[in-house]
Amino acid sequence: MFGTETLDALDQRILNAFQIDPRVSWGRLAEVLGENDRTVARRAQRLLSSGVSRITAIPDDQRYGSRVPLHICAQTPMGELDRVAEELAQRSDVRTVLATTGDEGRLWFELVVPERARIHSILADELPARFPLRGMRSHVVLRMFSATSQWYARHLTDEEVAALRRGSPAYQDDAEPFPATGTGRDRMDELDVRIAKLLQRNGRATISGIAEELRTSVPTASRRLEAMLARRHVQLRAEIASTHLGLSVEAQLHLTVNPGAVEETGRYLATLPEVRYCVAMTDSRALLLDIAVAAEEDVYRFISHVCGELPGIVGFEVSLITRTYKRGGLRRDGSLIQEYA
């Protein structure tokens with residue numbers, strides 16, 4: 001089993017490259033890193049096969065049948081926390097499950113509701129009947145400024161990052177990953193949805209493999225995948241425990257922001273290397289951030305030196321993430337990533 005002490009600098013650089021271009025070929029990866037082809041291929045395949053990293057895909061929920069991501073924070077009895085979290089993680093409509101500091105038995109999870117009309121019945125009936133959740137708070141994402149699929153650690157040079165991006169079909173230098181509104185978004189058709197589901201299980205599936213499994217032609221599979229990535233119908237994502245990247249502390253920050261400053265503040269925070277995830281949501285604490293840093297003092301520095309110097313931020317709440325049960329649809333076994341569930 002891998003621990004952070006078994007990964008060396010080259011392993012971390014390969015993991016970092018997966019974050020930039022999850023479908024990068026071994027030859028291209030070796031060229032960019034300036035390493036031997038066979039060494040890079042062997043290391044990369046080991047990192048993927050062992051579960052240190054897995055490549056998945058996150059569909060655009062509004063293009064994927066008008067789904068609504070719902071953020072829920074609730075308490076469970078302490079003796080029930082692990083059981084409830086594991087049961088939530090088994091659900092295909094739950095994308096992420098985290099335990100955090102704060103109230104007793106605190107869980108945070110993201111549940112993807114198939115349509116807006118179902119929100120009430122899920123919150124009022126389904127979840128209370130199934131799980132011992134107390135003090136449940138739920139919020140809908142209003143605006144996404146950055147997602148974990150865009151975040152990457154800093155083990156590569158700027159030149160190496162630029163080289164990987166030039167070879168990635170998913171990267172567009174002049175494109176805004178998340179438009180401010182959902183108007184005019186084209187929907188995925190049946191074949192797009194089937195490709196997205198396959199990529200969720202294996203984001204590095206070959207074009208020929210996609211074509212064979214979906215019983216379509218190789219040119220059609222290639223053309224569809226390229227279009228889906230270019231239009232941001234799906235975001236490819238290399239899921240990696242932050243500890244493998246030298247970032248041992250993850251925290252959630254709920255920021256209270258003056259209404260007129262939400263857009264500017266969210267856009268700025270989304271550019272920072274510590275910020276894995278930044279969204280505006282239906283809460284008086286308008287912004288939710290997920291950050292990854294090396295130590296607790298870096299959380300303090302971020303609060304005092306970054307948030308404290310932004311005039312639009314007037315309050316905050318911070319919680320450390322104590323355990324990740326599932327993230328991006330992939331369950332966890334400690335720091336190892338399991339298959340898509």
Side-chain angles (χ1 to χ4, degrees), residues 1-19 22 42-58 73-74 76-92 94-102 104-111 131 147-149 151-155 200-204 236-252 274 276-277 290-296 298-299 318-341:
M1 179 174 290
F2 278 89
T4 54
E5 69 280 356
T6 65
L7 299 182
D8 62 17
L10 178 56
D11 290 325
Q12 291 183 324
R13 283 161 54 77
I14 292 171
L15 291 173
N16 203 165
F18 286 161
Q19 294 180 304
R42 184 177 67 253
R43 293 282 195 103
Q45 289 168 344
R46 182 187 63 162
L47 292 168
L48 291 171
S49 64
S50 65
V52 170
S53 177
R54 284 191 186 275
I55 311 302
T56 186
I58 307 296
C73 184
T76 68
M78 281 302 292
E80 295 288 301
L81 190 148
D82 282 339
R83 180 188 67 79
V84 173
E86 292 290 359
E87 288 189 13
L88 284 168
Q90 291 173 12
R91 292 175 59 117
S92 60
V94 172
R95 194 149 54 197
T96 298
V97 184
L98 310 171
T100 74
T101 60
E104 176 184 347
R106 186 175 184 180
L107 280 177
W108 184 96
F109 58 99
E110 181 186 27
L111 189 149
F131 302 102
T148 308
S149 52
W151 177 81
Y152 60 95
R154 298 305 194 265
H155 294 287
Q200 286 177 304
R201 300 196 308 271
N202 178 13
R204 289 185 61 87
L236 293 174
R237 171 165 160 176
E239 186 61 28
I240 306 160
S242 296
T243 52
H244 289 309
L245 298 165
L247 303 171
S248 300
V249 177
E250 290 183 83
Q252 283 188 337
E274 301 92 340
R276 292 166 47 100
Y277 181 69
D290 183 329
I291 68 172
V293 293
E296 285 80 0
D298 296 313
V299 178
V318 59
S319 300
L320 297 187
I321 297 171
T322 58
R323 181 173 174 183
T324 300
Y325 298 87
K326 187 178 189 180
R327 195 187 282 274
L330 298 171
R331 297 183 66 185
R332 293 279 186 93
D333 179 9
S335 65
L336 299 182
I337 316 300
Q338 298 181 319
E339 293 183 357
Y340 184 82

Look only at the side chain of [X] and the backbone of [Y], and say whether a donor-acceptor pair between them is shorter than 3.5 Å.
{"X": "E104", "Y": "P77", "result": "no"}
{"X": "R327", "Y": "Y325", "result": "no"}
{"X": "T322", "Y": "A99", "result": "yes"}
{"X": "R54", "Y": "Q338", "result": "yes"}
{"X": "H155", "Y": "L245", "result": "yes"}

For a 4.5 angstrom cut-off between non-hydrogen side-chain atoms, does [X] reach [Y]?
{"X": "D290", "Y": "W151", "result": "no"}
{"X": "R204", "Y": "L48", "result": "yes"}
{"X": "L88", "Y": "L111", "result": "no"}
{"X": "N202", "Y": "Y340", "result": "no"}
{"X": "H244", "Y": "D11", "result": "no"}
{"X": "R43", "Y": "D8", "result": "yes"}
{"X": "T100", "Y": "L320", "result": "no"}
{"X": "T148", "Y": "I58", "result": "no"}

Show the nearest heavy-atom pair for residues [X] and [Y], with the distance to one decimal.
{"X": "R332", "Y": "T324", "value": "CB-O, 3.3 Å"}
{"X": "K326", "Y": "A89", "value": "NZ-O, 2.9 Å"}
{"X": "S149", "Y": "R237", "value": "CB-CB, 3.9 Å"}
{"X": "A292", "Y": "S242", "value": "CB-OG, 3.9 Å"}
{"X": "Q200", "Y": "T56", "value": "O-OG1, 2.7 Å"}
{"X": "A251", "Y": "V318", "value": "CB-CG2, 4.2 Å"}

Sequence neighbours excluded, which residues qualify as side chain to side chain donor-acceptor pair (under 3.5 Å) partners of [X]?
{"X": "R95", "value": "D61, E110"}
{"X": "E296", "value": "none"}
{"X": "E86", "value": "R323, R331"}
{"X": "R42", "value": "none"}

Approximate separation, where rounding is to 0.5 Å, of [X] [atom1] and [Y] [atom2]:
{"X": "E239", "Y": "I337", "atom1": "CD", "atom2": "CD1", "result": "5.0 Å"}
{"X": "R83", "Y": "E80", "atom1": "CZ", "atom2": "CD", "result": "4.0 Å"}
{"X": "T96", "Y": "Y277", "atom1": "OG1", "atom2": "OH", "result": "8.0 Å"}
{"X": "L81", "Y": "R106", "atom1": "CG", "atom2": "CZ", "result": "12.0 Å"}
{"X": "L98", "Y": "F109", "atom1": "CG", "atom2": "CZ", "result": "11.0 Å"}
{"X": "I291", "Y": "I321", "atom1": "CD1", "atom2": "CD1", "result": "9.0 Å"}

Item to complete: Using side-chain contact (heavy atoms from CB on, under 4.5 Å) as the criterion, list what pairs up with A294, not counting sequence neighbours.
Response: D298
Discussion item. L247 vs R276, test: side-chain contact (heavy atoms from CB on, under 4.5 Å). Steps then yes/no.
Written reply: CA-CA 12 Å; L247 303 171; R276 292 166 47 100; over 6 Å; no
Response to the item:
E274 meets the salt bridge (charged side-chain N to carboxylate O under 4.0 Å, His left out) criterion, sequence neighbours left out, with R301
